[in-house]
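Throughout, protein chains are lettered first and strands after them, A, B, ... in sequence-line order, and every chain is numbered starting at 1.
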Amino acid sequence: MCASVKYNIRGPALIPRMKTKHRIYYITLFSIVLLGLIATGMFQFWPHSIESSNDWNVEKRSVRDVPVVRLPANSPIPERGDLSCRMHTCFDVYRCGFNPKNKIKVYIYALKKYVDDFGVPVSNTISREYNELLTAISDSDYYTDDINRACLFVPSIDVLNQNTLRIKETAQVLAQLSRWDRGTNHLLFNMLPGGPPDYNTALDVPRDRALLAGGGFSTWTYRQGYDVSIPVYSPLSAEVDLPEKGPGPRRHFLISSQVGLHPEYREDLEALQVKHGESVLVLDKCTNLSEGVLSIRKRCHKHQVFDYPQVLQEATFCVVLRGARLGQAILSDVLQAGCVPVVIADSYILPFSEVLDWKRASVVVPEEKMSDVYSILQSIPQRQIEEMQRQARWFWEAYFQSIKAIALATLQIINDRIYPYAAISYEEWNDPPAVKWGSVSNPLFLPLIPPQSQGFTAIVLTYDRVESLFRVITEVSKVPSLSKLLVVWNNQNKNPPEDSLWPKIRVPLKVVRTAENKLSNRFFPYDEIETEAVLAIDDDIIMLTSDELQFGYEVWREFPDRLVGYPGRLHLWDHEMNKWKYESEWTNEVSMVLTGAAFYHKYFNYLYTYKMPGDIKNWVDAHMNCEDIAMNFLVANVTGKAVIKVTPRKKFKCPECTAIDGLSLDQTHMVERSECINKFASVFGTMPLKVVEHRADPVLYKDDFPEKLKSFPNIGSL
Amino acid sequence: MQSWRRRKSLWLALSASWLLLVLLGGFSLLRLALPPRPRPGASQGWPRWLDAELLQSFSQAGELPEDAASPPQAPHGGSCNWGACFDTSKCRGDGLKVFVYPASGPISETHHRILASIEGSRFHTFSPAGACLLLLLSLDAQTGECSSMPLQWNRGRNHLVLRLHPAPCPKTFQLGQAMVAEASPTVDSFRPGFDVALPFLPEAHPLRGGAPGQLQQHSPQPGIALLALEEERGGWRTADTGSSACPWDAHCEQDPGSRQTQRRETLPNATFCLISGHRPEAASRFLQALQAGCIPVLLSPRWELPFSEVIDWTKAAIVADERLPLQVLAALQEMSPARVLALRQQTQFLWDAYFSSVEKVIHTTLEVIQDRIFGTSAHPSLLWNSPPGALLALSTFSISPQDFPFYHLQQGSRPEGRFSALIWVGPPGQPPLKLIQAVAGSQHCAQILVLWSNERPLPSSWPETAMPLTVIDGHRKVSDRFFPYSTIRTDAILSLDAHSSLSTSEVDFAFVVWQSFPERMVGFLTSSHFWDEAHGGWGYTAERTNEFSMVLTTAAFYHRYYHTLFTHSLPKVLRTLADEAPTCVDVLMNFLVAAVTKLPPIKVPYSKQRQEAAPLASGGPGPRPKPQAPAPDCVNQIAAAFGHMPLLSSRLRLDPVLFKDPVSVQRKKYRSLEKP
């Protein structure tokens, strides 16, 4: 208080004492600082104004304001389209250049309005769906605004519906695009091809080499591996919210809800209805509705009125018949309703059939078999039907639901063709999320027993127990199948003993020095490991006999995708504490083996080092504990299989083993180990460990049989 | 002094404010000065139209019920597809029946093998009228003769023309509606979903069995060459990809420093095999690479990959654009070990499942066509593309993967927790009362079936058990015991003999083990095969040894699917053999399971006392009243019919975790297993 008053008093006196020049200088300086602070504060408190500056750059204009381009009547027309086009003949892959992300780049031409010599527009400027489609591409990772870097070009001229086009003029518009070059690497989207009377199954606009993503291809117009077959988008997808309905029997077995069917087909369907009664329902347009406003959303059978598409949810199977066009928007509605589509359209190329396995979600019936449709469907077992219902709904959710889904799936297919080594797999395209989550794909799936001659590499992790280490080395070197010994020297403060001091053994011995004392060094995929089999062994495991180790290796050969180890452990659910518990007592079950002495495939070293989920690897290094439990989790999670414990129990020098022997009850150790299990289970999101009740012994173990005739006599002695 | 201090504090305040300003304002100014980093699509992307909401839909409402009037279109002439050109109504009865036109004149060795494998298949029929597929072998180039129009041609409807070598004959007749199965057809002439693409069969391709894949280990050996390239005259050389930018480009090969030529190999030893060039050379290289476990890298193949209709080649090969060699090379070098591992294993699986013999190729062809006929009940993709493959996973059994013993992992399912005991009662025909009691005592037992297979009449009364007991009157044939009876309702079967003697805890433990290995046989008593140098053939022993390769089916757990496979996929010759020499049936079943799983069976402990006192049954070890070793020829005959020796030896037995450990018996779950 006093000081401030004093300052206040003395303060003004300070300035007059300065020279005027200085005073002005200081005042200016202060005001600049003050202004700067105010300005900064304003920016700090309005951060959104900066963020939204991104939006300012996105033009918000009217579609009507786009530039008008006059098209001379005699401007060139592209060739009709080459049916023999394939990616390696008609597609210029050089444009896709080298891209480390393996993603194609797509350029979209600016929107223009084209008019002919008389000022008559060539087409409607753009439809709502095509605008959505281009927006979706523009928002995706594929988009580039740099025409020189682009690999794929998408014209902004809307050809989704051929009926709205003037064919010759549209073709002329395409031909004058700046990078047209005979249509190379151009992609056109079309959902309603052809026109009366004969309705071609592909867009009639001459387009030369351009790729066509078309709805309604037939086998005769579809260029396998070049064109992309896409769905006909149903506007009802966005308008109607059909909640997912679980699979299972529904009120009607088969329903036909299309209007405007060809009379021949309708006769066939009605015959089915007469024959099978309630279970078949054939609907038609409503004629007696008071106002025709919502006639698209109503269907009638005799005088009964049904809501469409809700009625589709009442049926197990839904007929999708060809109209004049092969591709029908109703397919999307049917899938949305979780109804299994019965596709009756000969030679129709189903949407995305290049990657989607339609056998899992639909039934395709040849047109001439239409009268047998009912018996064909009845022969499908109920379980398969439910599978198909789920699959149908999943296809809709993933690939039909929105214009965006259709556009991105199309680009992904083309991307996969250009970068096949980075392509999305069958399972990723077709398996619903629930299946993907539950399934395990074992990285070592091929049943294969590696030859014994390969042998194994023993990896001994050591810090400074040299004497014990040398004993382990001497013991292990007696195992016939040992092919190399690797010592991982984890002590940075001390040099390993001199070469001359090491035991002389018959196989190569290598010492690897590590940069840091970390437990994960034991599981590093060293280049020195040349065999597939790895024996991880602690530097104090001296009690394993040569027979036991050799037998362990033989067991690993029969189970190369598992951890094969000596001391076994178990995890248990503690009902009181509601969490997992680590157990090392004499139990009848095992779910883990300690890696103080265990055989496994060297690929798991790679997985441990580079693919361990979450922060487990660092966590283990920081806590200096539980690297073995982490390895057990990793292997069980990736293979879905249990460990194999070999040979009977014996005394091991490890903290818990002594604990059981009653020498020192190391309770904290057990608690720590339990904590590890709980931590890992939460990182993995599941408990991958598998519990088994067996262990592996030699065939004649403890049998009444002459010991000297047994292959592995020296097993199980304590 | 004071003023100096004051000035100092002033300076301090000033510089602090400046610092604050710089810190706070700097970032904002920076953000203002630099244009915002262009987020993809955000800055310069497709415009957000103000009137986007007003745009019209591409399909106007009135347009949807468009086209009522136009008639259904007839197929365009000239081209065929499955729906239009194949008449499935002829296949309705017993599925696919195939008639093959007899050859006129001399035929080549390959041709002969093809005929043999069709005639040996379950699809074959001798009557052209009853057949749903008529098969015409278009003769190969050696004989130089071309087929003439056969009698039942009928414009080629339901015909399959088998061409081993790309179009040797000029069109002597119009193909009409016939399908063509051709070795590596060009993509331009191939009609997907109608024609069948075959592999290119080398001259010396074996009829059955076939050479196994060369892959010895899952992951590539360290130091193995990355890339192998084809050479003239059918060899391979490995390329050093490190120094050469374009190892397969002809221009680079002029430069001696840019490549290293290793010794020529008949089969490539590298991680990837580069296959460019044209068919048929490329196609035959492709097969070699598959066999060698070398991942084929195909540069813009103009030919259709074999069985592409059902095989997902993206899992076993890489198809890349020949115009981007550097990218391909970089992609190969950077490919993740996980992907390399998966691709390598898949090449081996596919080679073994579909390509290693003429028989497999022909049967796969027929299976592809049968799948088309079956439509919705065809093999799902999973069955084609994961071991053991569609030829060994019969779609007539089920098309739900979880019904098979092989796919529990991929499906995230578990084998069922119950089993059915199937007790075979042969002569002399004593009802196995004690056995029924022991088995019924197991908590996992769901039902007991007694297969009465002897001359004595069925006993009228059976022991009272809580377990449902069904008696089946058999046909007195040994192969009956592996018939897929519809009364078996569980996945697991415990196959037993009336003589077998088991305790409840032995049954319980064995079943728990089986649940971990549902695709294998889990048995109590074992026997082995061995190569008998003296006789130059396979030998069989039931002596107790340190290893075993077969378990006796007189007491074994296995999946019920093996009954279906035994009855429907084994050649009739083999089943007859088993009926004539009853002791062979064990060997045959073991061969079958080993051929499917490529793994040895599993042995579980069996009480020593009974092992010696009362042998389980025929083929059991130890002293017994009437030694009944299977006819030594049995193993050899079966091996010949299989074309190779599928049996594998195991050196381990699975025991309970505390088996014979020095702890209190009270702690042990399966304590009665240890009774002396």
Side-chain angles (χ1 to χ4, degrees), chain A residues 14 33 36 40 43 54 57-60 62-63 88 93 98 127-129 134-135 138-139 143 145 160-161 219-220 224 259-260 323-324 346-347 357 363 366 380 420-421 426 438-440 443-444 446-447 450 530 532 554-555 586 588 603 606 640 648-649 692-697 699 702 711, chain B residues 6 17 21 24-25 28 31 36 40-51 55 57-58 65 67-68 70 76 81 83 192 216-219 222 300 312 318-319 321 323 327 331 337 341 345 376 381 409-410 412 512-513 516 546 598-599 608 651-655 657 660-661 663 667 669:
Chain A
L14 181 75
V33 169
T40 312
F43 267 117
N54 280 342
N57 285 5
V58 175
E59 301 155 272
K60 284 211 165 169
S62 166
V63 175
H88 59 255
V93 77
F98 182 67
S127 67
R128 191 188 332 138
E129 284 82 4
L134 295 181
T135 309
S138 164
D139 288 347
Y143 179 73
D145 49 15
L160 279 182
N161 183 353
T219 41
W220 297 289
Q224 178 98 15
V259 293
D346 286 358
S347 80
D357 186 351
V363 183
I380 304 173
Y421 29 81
Y426 169 90
S439 74
V440 173
L444 304 168
L446 187 73
E530 284 172 318
E532 279 193 298
E554 302 277 347
V555 173
W586 296 83
N588 284 290
Y603 177 68
Y606 162 79
R649 185 171 186 120
V692 289
E693 299 185 4
H694 52 253
R695 70 161 200 245
D697 288 328
V699 174
K702 293 252 168 149
S711 298
Chain B
R6 265 180 216 137
S17 326
L21 182 71
L24 289 177
S28 316
R31 271 196 281 180
S43 57
Q44 297 284 307
W46 183 252
R48 303 282 194 267
W49 304 109
L50 285 170
D51 46 1
L55 293 174
S57 174
F58 77 108
D67 24 27
S70 81
H76 294 228
N81 64 29
Q216 300 266 323
Q217 54 179 52
H218 289 95
S219 48
S300 303
D312 181 359
I318 290 162
V319 177
D321 200 299
R323 291 167 295 177
Q327 274 186 50
L341 206 56
Q345 294 176 72
T376 51
S381 171
L409 273 179
Q410 287 107 315
V512 170
V513 169
S516 291
N546 283 298
K598 303 189 166 50
L599 293 169
K608 184 182 62 184
R651 314 193 73 179
L652 59 93
R653 182 182 76 199
L654 293 183
D655 293 335
V657 171
K660 296 195 174 169
D661 273 0
V663 277
R667 277 182 175 272
K669 185 171 174 190

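Here OG of A:S127 is found 8.5 Å from CG of A:N161. Values are rounded to the nearest 0.5 Å. Rounding to the nearest 0.5 Å gives a distance of 12.0 Å between CG of A:L160 and CZ of A:R128. Note that CD of A:E554 and CZ of B:R651 are 5.0 Å apart. Values are rounded to the nearest 0.5 Å. Rounding to the nearest 0.5 angstrom, the gap separating the CZ atom in B:R48 from the CG atom in A:D139 is 4.5 Å.
Using a 4.5 Å cut-off between heavy atoms, A:S347 touches chain B through backbone and side chain atoms alike. Using a 4.5 Å cut-off between heavy atoms, B:L654 contacts chain A through both its backbone and its side chain. Using a 4.5 Å cut-off between heavy atoms, B:D312 touches chain A through its side chain atoms alone. Proximity to chain B is limited to the side chain of A:Y606, based on heavy atoms less than 4.5 angstrom apart. With a 4.5 angstrom heavy-atom cutoff, A:D357 touches chain B only via side-chain atoms. Proximity to chain A is limited to the side chain of B:V512, based on heavy atoms less than 4.5 angstrom apart. With a 4.5 Å cut-off on non-hydrogen atoms, A:E693 touches chain B through its backbone and its side chain both. With a 4.5 angstrom heavy-atom cutoff, B:I318 touches chain A only via side-chain atoms. Interface remark: A:E530 contributes backbone and side-chain atoms alike to the contact with chain B (heavy atom separation under 4.5 Å).
Most heavy-atom pairs under 4.5 Å with chain B: of the set A:N588, A:L134, A:V440, this distinction falls to A:N588. Listed options B:P192, B:S381, B:S300 were ranked by heavy-atom pairs under 4.5 angstrom with chain A; first place goes to B:S381. Annotation: maximal heavy-atom pairing with chain B below 4.5 Å, among A:D697, A:T135, A:V555, occurs at A:D697. In terms of heavy-atom pairs under 4.5 Å with chain B, the best-connected choice from A:R695, A:Q224, A:H88, A:H694 is A:R695. By number of non-hydrogen pairs under 4.5 angstrom with chain A, the leading residue of B:Q410, B:H218, B:K598 is B:H218.
Contact check for A:P450 versus B:Q216: no side-chain heavy atoms found under the 4.5 Å cut-off. A:Y421 places a side-chain heavy atom less than 4.5 Å from the side chain of B:Q327. Between B:L652 and A:V699, every side-chain heavy-atom pair lies at or beyond the 4.5 Å cut-off.
Minimum interatomic distance between A:P366 and A:D346 (heavy atoms only, all atoms of both residues): CA-OD1, 3.4 Å.
At least one donor-acceptor pair under 3.5 Å links the side chain of B:R667 to the backbone N or O of A:W586.
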